[in-house]
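This is a predicted model, so every value here is computed, not measured.
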Amino acid sequence: MTDTSKQDQVLIFDTTLRDGEQSPGATMSHNEKLEIAGLLDEMGVDIIEAGFPIASEGDFEAVSDIAKNSKNSVICGLARASFKDIDRCMEAVKHAAQPRIHTFIGTSPLHRDITALDMDAMADKIHETVTHARNLCDDVQWSPMDAIRTEHDYLCRVVEIAIKAGATTINIPDTVGYTIPRESSDIIKMLLERVPGADEIIFATHCHNDLGMATANSLAAVEAGARQIECTINGLGERAGNTALEEVVMALKVRNDIMPYATRIDTTKIMNISRRVAQVSGFPVQFNKAIVGKNAFAHESGIHQDGMLKNSETFEIMRPADVGLSGTSLPLGKHSGRAALRAKLEELGFELADNQLKDVFVRFKGLADRKKEVFDDDLIALLHDTAGGEQNDRVKLKSLKVICGTEGPQQASMVLDVDGVEKSADVTGDGPVDATFKAIKEIFPMTTRLQLYQVQAVTEGTDAQATVSVRLEEDGKIATGQSSDTDTVVASAKAYINALNRLLVRREKSAPGADVKEVKYTDAS
Ligand code: KIV
Ligand code: ZN
């Protein structure tokens, strides 16, 4: 095994809670953000970008609470190039033992046009705002948004200004996922060669995945001298997403022979956080996704299986255990007791308090009554089922009966508890799920639009649970709900109701004019 202790460190900057969460539909609740931040901290992420404090009261609270709870990670907040943004950001991150302000402005011709600032006016603004940030905080990161499409001379000029004004990290974003590895590397090399003071700060790389090259571009930047990679769990992020943390970290680990750089990440925590982010964001991981996809370690073909049995290295460049996948273990069943359940959950990395275990045990027994064997993935789905668990949910499913089959129309008879009052509906539809969703709408009318309806089998077999994700939108507000059940229609109803309850919370909490989606790429003037 390679001794990485003397190698150059590459800092891992995770922006799942900022750039990832800004992806439409990936909105997380306050508690979910705190939980994910805790997992990131625990796995060794150097810097957590916790949010965009000026964007909304909710974002501000989340960044402040993450800052208060952080143990080892630097906690960073995003701010546009305005004193107001930067002050608000500092207010939120100041609670962290190691706070960071990340301020940015779009420097490419397209972005300069939007802000109506010419090159000189923008250069002045960068000087003023970075100086202001540095007066508040010792750790300041500056980003020329759309750096890749910024004229090289101008990029060198503004990077120099930001360094002179006190920036300690300069991030080079490929905002639209436009670059290729050679260019990503050349730009970092150019900045290191041409900009005075460049050797005293850290260069970061921030790649989007529009052309599917985010991981390759990030690694190319590191080879050229960047020492911070900005990434998200599962590559979550707008459009095709951001660089996936698990991909760059595992690439650096597996190919340490030719990329001799160390990270602080405990890679055995990857699977657990990947599942949790998929769950809370409502963005399931595609089966063939590198590192964390369901098939990433599956060897189906006969030739592969034969080779694997003789020597696992034939077709495996990393071991499942390296990313926290336990080997095949025995499933639980309806005779399994509480101690067996606790032991299994601990093996999967979940330590539950006694009252939590009690609740999970009741649900486990319910599942084991319906399903002969309860596999690890069933338990994980059960633990992460967000539907129906909240005492203060306004809408709860009491009962659902569905008639379906070849003789239509299909019919759903549903009873919901709405604010403590039972209401029912009998509705026909084009299929059982359509009838079920129509029944919910009849009982609780809302002008929501269904943006996503997705079903995934948790395990194999006809008695497998289905995990259903539902994304609803109302007046630009988006909420995702999820639920798992052996009955796909019940899982669908619960996921819809879960999304509805979350949307209702967002509706109640929303402050006029304060929505992160609206301000993301609008530079402050
Ligand atoms: O992609 C981007 O340019 C960003 C900046 C705000 C750093 O996310
Ligand atoms: Zn970005």
Does [X] use its side chain to pair, donor to acceptor, with the backbone of [Y] at less than 3.5 Å?
{"X": "E21", "Y": "M28", "value": "yes"}
{"X": "N295", "Y": "N288", "value": "no"}
{"X": "D65", "Y": "A62", "value": "no"}
{"X": "N209", "Y": "A214", "value": "yes"}
{"X": "D210", "Y": "A240", "value": "no"}
{"X": "S424", "Y": "M414", "value": "no"}

Give a yes or no on whether a salt bridge exists between [X] and [Y], defined as a side-chain N under 4.0 angstrom from a carboxylate O.
{"X": "R507", "Y": "E474", "answer": "yes"}
{"X": "K423", "Y": "D417", "answer": "no"}
{"X": "D322", "Y": "K253", "answer": "no"}
{"X": "R363", "Y": "D359", "answer": "yes"}
{"X": "K371", "Y": "D378", "answer": "yes"}
{"X": "R18", "Y": "E230", "answer": "no"}
{"X": "K438", "Y": "D426", "answer": "no"}
{"X": "D376", "Y": "K344", "answer": "yes"}

### Message
Can you tell me which residue among V277, D46, I265, I273 is in a side-chain contact (heavy atoms from CB on, under 4.5 Å) with L40?
### Response
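Of V277, D46, I265, I273, side-chain contact (heavy atoms from CB on, under 4.5 Å) with L40 is met by I273 alone.
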| message | Taking side-chain contact (heavy atoms from CB on, under 4.5 Å) as the criterion, tell me which of I233, D377, I270, L383 meets it with R275. | response |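 Per the side-chain contact (heavy atoms from CB on, under 4.5 Å) rule, the option paired with R275 is D377, out of I233, D377, I270, L383.
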| task | Would you sort out whether D354 and R338 count as a salt bridge (Lys or Arg N to Asp or Glu O under 4.0 Å), showing the intermediate values? | result | CA-CA 10 Å; D354 284 349; R338 200 178 294 217; over 6 Å; no
Subject >> Spacing of M446 atom CE and D475 atom CG [to the nearest 0.5 Å] >> reply: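 Result: 8.5 Å between the selected atoms.
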ask   = Which distance, rounded to the nearest 0.5 Å, do you find between the CG of L78 and the CD of Q141?
value =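 Rounded to the nearest 0.5 Å, the CG-CD separation comes to 9.0 Å.
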Query raised in the report: Partners of K289 by side chain to side chain donor-acceptor pair (under 3.5 Å), sequence neighbours excluded?
Result: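 Scan of K289 (side chain to side chain donor-acceptor pair (under 3.5 Å), adjacent residues dropped) gives E246, E247.
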Check your understanding: Tell me, which pairs form a ring-ring contact (aromatic ring centres under 6.0 Å, His included) where one or both residues lie in residues 449-470, sequence neighbours left out?
Key ->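 Those involving residues 449-470 are F437-Y453.
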- Below 4.5 Å, heavy atoms only, C-beta onward: do E49 and D14 meet side chain to side chain?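 Side chain of E49 against side chain of D14, heavy atoms only: no contact under 4.5 Å found.
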Handout entry: Face-on cation placement of R394 at F444 ring, 6.0 Å and 45° thresholds
Key =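 So R394 doesn't make the cation-pi contact.
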